[in-house]
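FYI, the numbering just counts along the sequence from 1.
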Amino acid sequence: MAAVAARPPTRILTGELVAKNVVIGTAPDSWGIWFADDPHQTPAGQFLDEVVQAGYEWIEIGAFGYLPTDPGQLKDELDVRRLKVSGGTTFARLQHPGSIDEAWAHVAPIAALTAAMGAEHLVVIPDLWRDDLTGLEKESRTLSSAQWTALTEGHNELGRRMLEEFGVHSQFHSHADSHVGYQPDVERFLESTDPAYVNLCLDTGHIAYYGGDSVELITKYPERIGYLHLKQVDAELAARALAEDISFSQTVRMDIMVEPPSGVPDLAEVLRAAEQLPRDLFAIVEQDMYPCSPDRPLPIARRTYTYLASCLPS
């Protein structure tokens, strides 16, 4: 079986959060960043400065175009702050037959930038059936048999191209309001895809959003966990969202993603389970807060850093 995760460097710098085989970082998402350019978002320079102030040393690139897309410029911005990149992030619309080339044209520049930053992971989120701004339905909530095959075969092919052309591993990210959200759908996806080319970015918040169990997934599919996103949800609001059919984008505005440890799942339990895996992992904090005022993320990021440090063995 092919390796599913690159090994983070073993050199530990001051302030770096490391638990045995787990290296913790953060992402633009935790500063309310969903788009490359949006007036409601924290400016990129402020985000980078505040990551350092919060104590983190590893980040994801986030929405392509939010941070500089020129490798040299981005490297300069990171180096001056002593920051490093764990991976990139992208959406991919692969649930329709014949869509791989269009998806690849979108993903390839992101994979190239990810590799240029020395990272070996690209988190790939499936296209949502709801618009992530308006919450309106774009297409059917369910996939036909042909569409499911297109989705899984498309992710296999996308992962193959990413790995062979850029040395970047595809980490599939299940997502609310996508066709792969509930835990049975996640498990079906894993059982339908090739571990040589695609594995799982286990996002604890999105799994909990649909009542899933992140620890159970880690235990059941230890060889398929290639990356982690750490977040918690308000369980009561998640239940209300499903009962009342509230869109994910609207629930984010209602603060469904909460500051740990006030939500579910228990991140200490998730980290203990991850420490038992036979590989090193990045675990990236992602607290969706779009849109938010620019003075809100830093205090939360600092407290989250302190909380996660308390979850790690001394």
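Arg296 pairs by the salt bridge (charged side-chain N to carboxylate O under 4.0 Å, His left out) definition with Asp255, not counting sequence neighbours. Among residues two or more places apart in sequence or in another chain, the side-chain contact (heavy atoms from CB on, under 4.5 Å) test is passed with Ala241 by Tyr209, Ile246, Thr251. Contacts of Ser293 classified as side-chain hydrogen bond (donor to acceptor under 3.5 Å, both in side chains), with partners at least two apart in sequence or in another chain: Asp295. A search for ring-ring contact (aromatic ring centres under 6.0 Å, His included) contacts involving Phe91 returns nothing, not counting sequence neighbours. Pro184 meets the side-chain contact (heavy atoms from CB on, under 4.5 Å) test with Tyr182; sequence neighbours excluded. Partners of Asp266 by salt bridge (charged side-chain N to carboxylate O under 4.0 Å, His left out), not counting sequence neighbours: none found. Remark: Ser247 pairs with Ser249 by the side-chain hydrogen bond (donor to acceptor under 3.5 Å, both in side chains) rule, at least two apart or across chains. Legend: residues meeting side-chain hydrogen bond (donor to acceptor under 3.5 Å, both in side chains) with Thr89, ordered by chain and number and at least two apart, are Glu60. A search for side-chain contact (heavy atoms from CB on, under 4.5 Å) contacts involving Glu157 returns Ile100, Arg160, Arg161, not counting sequence neighbours. Here Asp194 pairs with nothing under the side-chain hydrogen bond (donor to acceptor under 3.5 Å, both in side chains) rule; sequence neighbours left out. Checked against salt bridge (charged side-chain N to carboxylate O under 4.0 Å, His left out), Glu286 has the following partners two or more places apart in sequence or in another chain: Lys231.
In this structure, Trp129 stands alone, with no Ile, Leu, Val, Met, Phe, Trp or Tyr side-chain heavy atom under 4.5 Å from its own, directly or through other members.
When Phe172, Trp148, Trp104 are each tested for a ring pair (Phe, Tyr, Trp, His ring centres under 6.0 Å) with His155, only one passes: Phe172.
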